[in-house]
Asks: 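Before I ask anything, here is the structure I am working with.
Every value quoted in this text rests on a predicted model; they were computed, and no experiment measured them.
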Amino acid sequence: MAHTCAGEDLDAFRPLTCSFEESRVVDGHTEYVIRISVPHRPKLFNEFRKRYNHFVDLNDRLSVYRPLNPLPPKTTFGNKEKILGERQVLLQQYLQSVLDDLFFLSSKPVKDFLYGNICYYREVTGYAVQLLAIYLRNSKHYTIEEEYRKIGWRINKEFCGVRYGVQKRKVSHIASWTYYGKKQVLSTADVGGFLKALSGLQHPLFAPLSFAEASETGIAVVRALAVQGCLLDEIKDAGLDCSFLARTHTTGNRPPGLVLSRISFYSRLILEALKFLHDSDIPYGNLTSRNVLVTENGIQITELESGVCGLPSFYWPWIVQFRRINTFEAVDVYCFGHVLYEMVFGVSLDSPSCEVFPPECPPLIRAVLDSILTPEACKIGMPTVAMLLTQPFFNSVLSSYPEAAMRMPVKLHEAVRAAKVEMEESYSAEQNQYHEYVKGLRVSSYKSSADEKQKRRLQSLKSQLSSADVPERGSDERTFAPGTNDEEASSSTTSNGPSVVLPKRSNRSKCYQKFSDDGATIPTTTSSII
């Protein structure tokens with residue numbers, strides 16, 4: 001099946017829409033030709049064929065985590081064309097509801113369903129581990145023990161459990177191979193220099209790198225295994241062996257949310273880490289509860305290399321809707337709002353913004369969420385990290401860390417700053433494209449609604465004229481022949497010419513024009529003929 005969805009566009013992770021182009025019978029089975037596309041960039045699309053059983057398999061894999069819209073029944077009795085037409089409409093509605101769910105759209109089952117026919121997708125998932133093994137073999141310190149395909153949500157990123165040296169412990173580190181994203185603008189040498197500087201960063205709020213290497217296609221990174229898991233694992237009471245969807249939707253037996261003291265402590269540490277990144281002009285934009293590791297002394301932020309690799313935020317399909325969230329700093333604050341929401345309520349926010357928060361939300365936390373996640377806040381812009389640190393909810397936590405700096409050559413630092421600005425401009429351009437698309441939809445919707453109103457108005461007038469009673473000749477009617485005036489018509493009941501039926505005179509008087517012998521008009525007031 002022909003498609004124009006480039007490999008590097010797959011993980012750009014934009015809003016998607018689906019449409020069923022046609023249905024055809026192949027070997028006695030009905031196949032649907034489905035087209036998914038980026039609404040504001042129609043050149044980015046993919047077409048594939050699926051049968052009804054493929055939807056059943058997808059539904060079985062997703063319904064384990066959360067109830068979905070029911071699939072249409074597989075009925076074969078009755079008018080076959082009508083049944084297939086109705087089923088096609090319901091299947092399209094079902095698939096669109098899956099695409100509208102941010103967490104389902106990020107899951108492997110859905111990506112297998114959408115992109116399984118694309119060679120790039122199969123190659124990325126197959127070659128990533130091989131490339132990682134090659135670079136780790138060159139290091140002579142790490143050996144791949146097992147693949148962790150359940151971790152993560154990106155198409156172009158794979159994880160493996162590795163062992164360091166001859167340690168008795170089977171898995172002591174986690175290695176990952178990441179392909180560059182479409183927004184990546186740094187050269188390979190600059191990416192390698194940034195990874196080297198990142199490996200030398202000694203800060204208690206960031207997970208250190210044990211190994212990092214850059215190539216023309218991607219980067220290989222090794223970190224120590226976080227025994228206590230990530231922040232999402234603590235919220236959901238999940239483990240490393242759980243898939244992305246299982247860790248997102250599992251609630252376990254624990255009450256929802258964390259205790260206030262833990263929320264305040266973790267939030268303060270996350271904000272301190274973000275402040276360090278912003279002061280150092282390091283592009284990040286990938287904060288999620290899965291990228292916050294839990295340690296004995298607090299938390300550590302991870303995946304700092306994602307920004308310079310051009311990887312978009314997990315929340316990008318929502319961020320693209322708000323033009324004021326157009327910098328890495330604003331994106332980090334917006335992501336922090338979602339992380340804070342998860343810590344408080346134990347569930348992820350399933351919409352770009354929230355107008356009304358649950359009543360059990362403490363007032364101090366509500367003030368923070370109101371400044372980040374409400375529709376008004378998303379429209380006017382995000383507060384800075386320095387402003388959030390002044391909130392009373394975070395002031396109660398005392399934290400002090402030794403001064404640390406990310407040491408980079410001046411030339412490399414300038415290259416990172418320039419790349420940050422260029423990526424922000426690219427994100428802003430896509431946000432403008434999205435808003436132009438939404439604006440076009442509103443205009444077309446308004447025009448179509450105005451046209452429909454005009455059509456209904458004309459139809460109403462036609463129906464009124466067609467249903468009006470035509471008066472018949474009788475005592476209430478008078479006739480006159482053309483060429484006779486009103487007085488002659490009143491005294492004459494017949495004429496040589498054809499007669500015209502007129503209703504009875506009205507008692508009202510109106511002004512009309514009367515023609516004289518010379519053709520001039522003389523205004524006269526007399527009884528009008530209705």
Asks: List in chain and number order the residues that pass side chain to side chain donor-acceptor pair (under 3.5 Å) with Thr302, two or more places apart in sequence or in another chain; answer none if no residue qualifies.
Replies: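 Testing Thr302 for side chain to side chain donor-acceptor pair (under 3.5 Å), a comparison that skips the adjacent residues, returns Arg223.
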
Asks: Restricting to ring pair (Phe, Tyr, Trp, His ring centres under 6.0 Å), what partner residues turn up for Phe336, sequence neighbours left out?
Replies: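 With neighbours one apart ignored, the set is empty.
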
Asks: Run the ring-centre check on Phe314 versus Phe103 and record whether the distance is less than 6.0 Å.
Replies: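 Yes, they do, as the ring centres are separated by less than 6.0 Å.
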
Asks: For Glu21, what residues pass the side chain to side chain donor-acceptor pair (under 3.5 Å) criterion, not counting sequence neighbours?
Replies: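 Side chain to side chain donor-acceptor pair (under 3.5 Å) check on Glu21 returns Ser19.
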
Asks: Can you tell me how far the CD1 atom of Ile263 sits from the CG atom of Leu258, to the nearest 0.5 Å?
Replies: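 Going from the CD1 atom of Ile263 to the CG atom of Leu258 covers 5.5 Å.
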
Asks: Under the side chain to side chain contact (heavy atoms under 4.5 Å, CB included) rule, collect the residues that match up with Asp332, sequence neighbours excluded.
Replies: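 Here the qualifying residues are Leu274, His278, Tyr284.
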
Asks: Give a yes or no on whether the backbone of Gln321 and the side-chain of His435 come within a donor-acceptor separation of less than 3.5 Å.
Replies: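 Answer holds: yes.
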
Asks: Without swapping roles, check the side chain of Lys157 against the backbone of Ala128 for a donor-acceptor pair under 3.5 Å.
Replies: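 The answer is no, because no donor-acceptor pair under 3.5 Å joins these two groups.
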
Asks: Run the side chain to side chain contact (heavy atoms under 4.5 Å, CB included) test against Arg51 and tell me which residues pass, sequence neighbours left out.
Replies: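 Testing Arg51 for side chain to side chain contact (heavy atoms under 4.5 Å, CB included), a comparison that skips the adjacent residues, returns His29, Glu31, His54.
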
Asks: So how far is it from Leu232 CG to Ser289 OG, rounded to the nearest 0.5 Å?
Replies: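 Interatomic distance, Leu232 CG to Ser289 OG, rounded to 0.5 Å: 4.0 Å.
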
Asks: Answer yes or no: is there a side-chain heavy-atom contact under 4.5 Å between Leu16 and Leu105?
Replies: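 In contact.
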
Asks: If you measure from CD on Gln184 to SG on Cys309, what distance do you get to the nearest 0.5 Å?
Replies: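 If I round to the nearest 0.5 Å, the distance is 6.5 Å.
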
Asks: Can you see whether Phe55 has Lys50 sitting over its ring - NZ or CZ less than 6.0 Å from the centre and within 45° of the normal?
Replies: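 Because its charged atom misses either the 6.0 Å distance or the 45° angle limit, Lys50 does not stack over Phe55.
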
Asks: Between Asn432 (side chain) and Ser428 (backbone), is there a donor-acceptor pair under 3.5 Å?
Replies: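 Yes, the answer is positive, given that a donor and an acceptor are paired below the 3.5 Å cut-off.
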
Asks: Within the structure provided, determine whether Phe104 and Leu68 are in side-chain contact (heavy-atom separation under 4.5 Å).
Replies: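 Side chain of Phe104 against side chain of Leu68, heavy atoms only: contact under 4.5 Å found.
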
Asks: Are any of the side-chain nitrogens in Glu303 or Arg154 under 4.0 Å away from the carboxylate oxygens of its partner?
Replies: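 No, this pair does not count.
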
Asks: Go through the structure and list residues passing side chain to side chain donor-acceptor pair (under 3.5 Å) with Asp57, not counting sequence neighbours.
Replies: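 Scan of Asp57 (side chain to side chain donor-acceptor pair (under 3.5 Å), adjacent residues dropped) gives none.
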
Asks: Between Arg366 and Asp370, is there a side-chain N and carboxylate O pair less than 4.0 Å apart?
Replies: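 Judged by the 4.0 Å cut-off on N to carboxylate O distance, Arg366 and Asp370 do not form a salt bridge.
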
Asks: Show me the pairs that pass ring-ring contact (aromatic ring centres under 6.0 Å, His included) and involve residues 204-238, at least two apart or across chains.
Replies: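 Passing the test, one end in residues 204-238: His203-Phe206, Phe206-Phe276.
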
Asks: Is there a side-chain contact between Lys183 and Glu430, using heavy atoms and a 4.5 Å cut-off?
Replies: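 When only atoms from C-beta onward are counted, Glu430 and Lys183 do touch, with a gap below 4.5 Å.
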
Asks: For Phe48 and Tyr115, I'd like to know if the aromatic rings sit close, meaning centre-to-centre distance below 6.0 Å.
Replies: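 No - the distance between ring centres of Phe48 and Tyr115 does not fall below the 6.0 Å cut-off.
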
Asks: Looking only at side-chain N and O atoms, does Gln96 offer a donor or acceptor that is under 3.5 Å from a partner on Asp100?
Replies: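 Yes, a side-chain donor-acceptor pair sits under 3.5 Å.
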
Asks: Could you check if a side-chain atom of Val292 sits within less than 4.5 angstrom of a side-chain atom of Leu269, using non-hydrogen atoms only?
Replies: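 They are not in contact (no side-chain heavy atoms under 4.5 Å apart), so the answer is no.
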
Asks: Looking at every heavy atom in both Leu205 and Glu272, which two are closest together, and how far apart are they?
Replies: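 Smallest interatomic distance, heavy atoms only, reads CD1-CB, 3.8 Å.
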
Asks: Working to the nearest 0.5 angstrom, can you tell me the gap between Cys354 SG and Phe345 CZ?
Replies: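 Going from SG on Cys354 over to CZ on Phe345, the span is 7.5 Å.
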
Asks: Determine yes or no for a side-chain-to-main-chain donor-acceptor pair under 3.5 angstrom, with Ser426 supplying the side chain and Glu422 the backbone.
Replies: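 Not a single qualifying donor-acceptor pair exists.
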
Asks: Using only atom types and a distance under 3.5 Å, with no angle test, would you say the side chain of Ser37 pairs donor to acceptor with the backbone of Pro39?
Replies: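 The answer is no, because no donor-acceptor pair under 3.5 Å joins these two groups.
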
Asks: Please name all residues satisfying side chain to side chain contact (heavy atoms under 4.5 Å, CB included) with Thr143, sequence neighbours left out, ordered by chain then number.
Replies: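 Partners of Thr143 by the side chain to side chain contact (heavy atoms under 4.5 Å, CB included) criterion, ordered by chain and then number, come out as Glu145.
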
Asks: Which residues satisfy the ring pair (Phe, Tyr, Trp, His ring centres under 6.0 Å) test with Tyr427, sequence neighbours excluded?
Replies: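 So Tyr427 forms a ring pair (Phe, Tyr, Trp, His ring centres under 6.0 Å) with Trp316.
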
Asks: Using 30° and 60° as the class boundaries, would you call the ring planes of Tyr434 and His40 parallel, tilted or perpendicular?
Replies: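 Ring orientation, 0 to 90° scale: perpendicular.
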
Asks: Considering residues, nucleotides and ligands other than Gln228, do more than 12 of their heavy atoms fall under 6.0 Å from its CD?
Replies: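 Enclosed: over 12 neighbouring heavy atoms sit under 6.0 Å from CD of Gln228.
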
Asks: Could you check whether any side-chain N or O of Glu213 sits under 3.5 Å from a backbone N or O of Ser215, counting only pairs where one atom can act as donor and the other as acceptor?
Replies: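 Checking the backbone N and O of Ser215 against the side chain of Glu213, no donor-acceptor pair under 3.5 Å is found.
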
Asks: For Tyr32, which residues count as a ring pair (Phe, Tyr, Trp, His ring centres under 6.0 Å) partner, sequence neighbours excluded?
Replies: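 Counting only residues at least two positions away or on another chain, Tyr32 forms a ring pair (Phe, Tyr, Trp, His ring centres under 6.0 Å) with Phe20.
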
Asks: Would you say the side-chain atoms of Gln431 pair up with the backbone N or O of Phe322, donor to acceptor, closer than 3.5 Å?
Replies: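 A pair under 3.5 Å: yes.
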
Asks: Any side-chain heavy-atom pair from Val385 and Val333 closer than 4.5 angstrom?
Replies: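 Yes, close enough: below the 4.5 Å cut-off.
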
Asks: How many angstroms lie between atom CG of Leu412 and atom CG of Leu186, to the nearest 0.5 angstrom?
Replies: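 Going from CG on Leu412 over to CG on Leu186, the span is 7.5 Å.
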
Asks: Short question: side chain of Asn69, backbone of Ser97 - any donor-acceptor pair under 3.5 Å?
Replies: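 Such a contact is absent between Asn69 side chain and Ser97 backbone.
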
Asks: For Met387, is there any backbone N or O sitting under 3.5 Å from a side-chain donor or acceptor partner on Gln391?
Replies: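 Checked: no pair found.
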
Asks: Using ring pair (Phe, Tyr, Trp, His ring centres under 6.0 Å) as the criterion, list what pairs up with Tyr334, not counting sequence neighbours.
Replies: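 Listed in chain order: His338.
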
Asks: Applying side chain to side chain contact (heavy atoms under 4.5 Å, CB included), can you list everything that pairs with Thr327, at least two apart in sequence or on another chain?
Replies: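 For Thr327 the side chain to side chain contact (heavy atoms under 4.5 Å, CB included) partners, ignoring immediate neighbours, are Glu329, Ala330, Glu424.
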
